[in-house]
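Because only heavy atoms are used, hydrogens play no part in the values below, and waters and symmetry mates are left out as well, while side chains stay in. When a ligand or atom number is given, it counts from 1 through the structure's own listing order.
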Amino acid sequence: MMDYKNILLQRSGRVGVITLHRPEALNALNLGMMHDVVAAVGHLDADTDIGAIVITGSERAFAAGADIKEMASRSYMDMYAADWFGGWDALTQVRTPLIAAVAGYALGGGCELAMMCDFILAADTAKFGQPEINLGVIPGIGGSQRLTRAVGKSKAMDMILTGRTIGAEEAERSGLVSRVLPAAELMSQTLETAAAISKLPAPAAALAKESVNVAFETHLAAGIRFERRVFHSLFATKDQKEGMGAFIEKRPPSFLHQ
Ligand code: CAA
C-alpha cells in the first residue's frame with residue numbers, strides 16, 4: 001500500500017473512498033495532492049475487487065481550488081514546461097465509475113476535480129465556483145470546457161466572468177450536480193449509491209461510462225489543450241502576480257489590466 005500524505009484511502013466492500021485531506025488549506029490541490037489522487041484512483045481502478053470510487057473532502061471544503069501559494073510566483077515558462085495541471089488528465093482514463101461527494105467549497109480546481117468525476121452528489125452546503133478571474137487567470141483543469149458542457153454557455157459565462165459562487169440548489173437546477181442531499185446524509189447516501197453501482201456488472205458499467213463520455217468529450221481534448229496553453233500564458237501577466245500575491249498577503253488586489 002502506498003503512503004499518501006494528502007488523502008485518506010478507505011475501502012468499504014467494493015467501494016474505494018478517497019478523502020482529500022489538507023485541512024490546513026481547505027484541501028487546496030497542490031502537486032502532492034494531484035499525485036496522491038491520481039495514484040490512488042489508478043490503484044483502485046486496477047483492482048477488480050473495486051466497482052466504484054468516491055472522491056470527497058471535508059464538511060467545510062471539497063477543495064478550495066488549486067494551491068495558489070504553490071503557483072503565485074511562477075512564470076509562463078515554469079507553467080508551460082511543467083505542463084502544470086496536466087497530471088489531472090489521467091482521471092479521464094479511469095474505467096471504474098467515479099463519484100464526487102461535495103460538501104462546502106468546490107472552487108476553481110475543486111469544482112474542476114468534481115466535474116472530472118462521472119457525476120456529482122452535493123450536500124445542501126455545497127458551493128461551486130470558478131473564481132480564477134479574481135486571481136488574474138482562468139480555469140486550468142478543464143473548467144472552461146466541462147462547466148460549459150454541464151451548464152450551458154450563459155451560466156458558464158456568468159460564473160467564469162464574474163467568479164461568483166453558486167449554491168447546491170442552483171447547481172442542481174443547472175445540471176452541474178445530479179442530486180442535492182442533506183449534509184448529514186451526504187456520505188451515507190453516496191456510499192449507498194456507490195455500493196449499488198459496484199454490485200452491477202463491471203464491464204457494462206465501464207462501457208456505459210465510456211459511451212456517455214464520448215457524448216460529452218467529442219472535441220473536448222482540443223478545448224482542454226487550448227485552455228491549458230492559455231492558462232499557462234496568464235503567468236506572463238502582471239495581474240496574475242498581483243491577484244495571487246494579494247490573496248496570500250490577505251489584501252484586496254489592485255489590477256493593472258496588463
Ligand atoms: N490555495 C492555497 N491556500 C488556500 C486556498 C487555495 N486555493 N484556499 C484557501 N487556502 C488557505 C488560506 O490561505 C488559509 O490559509 P492560512 O490559514 O495559512 O491563511 C486557509 O486555507 C483557510 O482559508 P481562509 O482563511 O481563506 O478561509 P475562509 O473561510 O475565510 O475563506 C474561501 C474560504 C472563500 C474558500 C477562501 O479560502 C478563498 O477564497 N480561497 C481561494 C479560492 C480560489 O480562488 N480558488 C481558485 C484557486 S486557482 C485555481 O483553482 C486554478 C485552476 O483553474 C485550477
Side-chain angles (χ1 to χ4, degrees), residues 6 20-35 37-38 55 57-74 76 78-80 82-92 100 102-117 123 125-148 150 156 159-168 176 220 223-237 239-253 255:
N6 304 285
L20 309 179
H21 190 65
R22 284 188 74 208
E24 72 284 2
L26 298 180
N27 293 333
L29 306 170
N30 60 5
L31 287 181
M33 177 77 91
M34 179 178 81
H35 289 306
V37 171
V38 168
I55 300 183
S58 67
E59 276 176 30
R60 202 172 153 214
F62 178 76
D67 193 310
I68 300 169
K69 294 167 189 172
E70 199 179 47
M71 293 185 286
S73 63
R74 291 181 195 262
Y76 166 72
D78 294 336
M79 300 299 282
Y80 177 78
D83 190 21
W84 203 264
F85 295 149
W88 287 109
D89 296 345
L91 295 185
T92 63
V102 175
Y105 295 111
L107 301 179
C111 186
E112 293 171 294
L113 172 57
M115 290 191 292
M116 290 185 86
C117 296
T125 57
K127 293 181 255 320
F128 298 89
Q130 296 290 163
E132 289 87 351
I133 196 159
N134 295 307
L135 301 166
V137 294
I138 66 166
I141 317 181
S144 66
Q145 307 301 299
R146 291 196 180 90
L147 186 66
T148 308
M159 288 175 67
I160 290 171
L161 290 177
T162 66
R164 86 178 169 93
T165 294
I166 63 170
L176 179 59
L220 182 62
I224 300 282
R225 257 197 309 280
F226 174 79
E227 178 199 83
R228 188 81 26 84
R229 297 293 171 256
V230 173
F231 174 77
H232 293 159
S233 76
L234 284 162
F235 284 75
T237 67
D239 285 346
Q240 174 271 327
K241 293 287 170 290
E242 173 60 16
M244 293 196 179
F247 174 82
I248 289 168
E249 290 159 22
K250 299 186 187 290
R251 59 172 174 80
F255 292 123

**Message:** With a sphere of 6.0 Å drawn around CZ of Phe255, does it hold more than 12 non-hydrogen atoms of other residues, nucleotides or ligands?
**Reply:** yes
**Request:** Could you tell me whether the side chain of Gln145 and the main chain of Glu227 form a donor-acceptor pair under 3.5 Å?
**Result:** no
Pairs under 3.5 angstrom, nitrogen or oxygen on both sides, ligand 1 versus protein: list them out, please.
{"residue": "ligand 1", "atom": "1 (N)", "partner": "Ala66", "partner atom": "O", "Å": "3.4"}
{"residue": "ligand 1", "atom": "1 (N)", "partner": "Ile68", "partner atom": "N", "Å": "2.9"}
{"residue": "ligand 1", "atom": "7 (N)", "partner": "Ala64", "partner atom": "O", "Å": "3.1"}
{"residue": "ligand 1", "atom": "7 (N)", "partner": "Ala66", "partner atom": "O", "Å": "2.9"}
{"residue": "ligand 1", "atom": "13 (O)", "partner": "Lys69", "partner atom": "NZ", "Å": "3.1"}
{"residue": "ligand 1", "atom": "15 (O)", "partner": "Lys69", "partner atom": "NZ", "Å": "3.4"}
{"residue": "ligand 1", "atom": "18 (O)", "partner": "Lys69", "partner atom": "NZ", "Å": "3.4"}
{"residue": "ligand 1", "atom": "19 (O)", "partner": "Lys250", "partner atom": "NZ", "Å": "2.7"}
{"residue": "ligand 1", "atom": "27 (O)", "partner": "Arg60", "partner atom": "NH2", "Å": "3.3"}
{"residue": "ligand 1", "atom": "29 (O)", "partner": "Arg60", "partner atom": "NH2", "Å": "2.8"}
{"residue": "ligand 1", "atom": "45 (N)", "partner": "Ala64", "partner atom": "O", "Å": "3.0"}
{"residue": "ligand 1", "atom": "50 (O)", "partner": "Ala66", "partner atom": "N", "Å": "2.8"}
{"residue": "ligand 1", "atom": "50 (O)", "partner": "Gly109", "partner atom": "N", "Å": "2.9"}
{"residue": "ligand 1", "atom": "53 (O)", "partner": "Glu112", "partner atom": "OE1", "Å": "2.9"}
{"residue": "ligand 1", "atom": "53 (O)", "partner": "Glu132", "partner atom": "OE2", "Å": "2.7"}
{"residue": "ligand 1", "atom": "53 (O)", "partner": "Gly140", "partner atom": "N", "Å": "2.8"}

**Request:** Check the surroundings of atom OH in Tyr80: do more than 12 heavy atoms from other residues, nucleotides or ligands lie under 6.0 Å from it?
**Result:** no
Kindly list each side-chain donor-acceptor pair under 3.5 angstrom involving residues 244-253, sequence neighbours excluded, with atom names and distances?
{"residue": "Glu249", "atom": "OE1", "partner": "Arg251", "partner atom": "NE", "Å": "2.8"}
{"residue": "Glu249", "atom": "OE1", "partner": "Arg251", "partner atom": "NH2", "Å": "3.3"}
{"residue": "Arg251", "atom": "NH1", "partner": "Glu242", "partner atom": "OE2", "Å": "2.8"}
{"residue": "Arg251", "atom": "NH2", "partner": "Glu242", "partner atom": "OE1", "Å": "3.4"}

**Request:** May I ask you to decide if Trp84's main-chain N or O and His232's side chain share a donor-acceptor pair within less than 3.5 Å?
**Result:** yes
**Message:** Centre-to-centre under 6.0 Å for Tyr105 and Phe62, is that the case here?
**Reply:** no
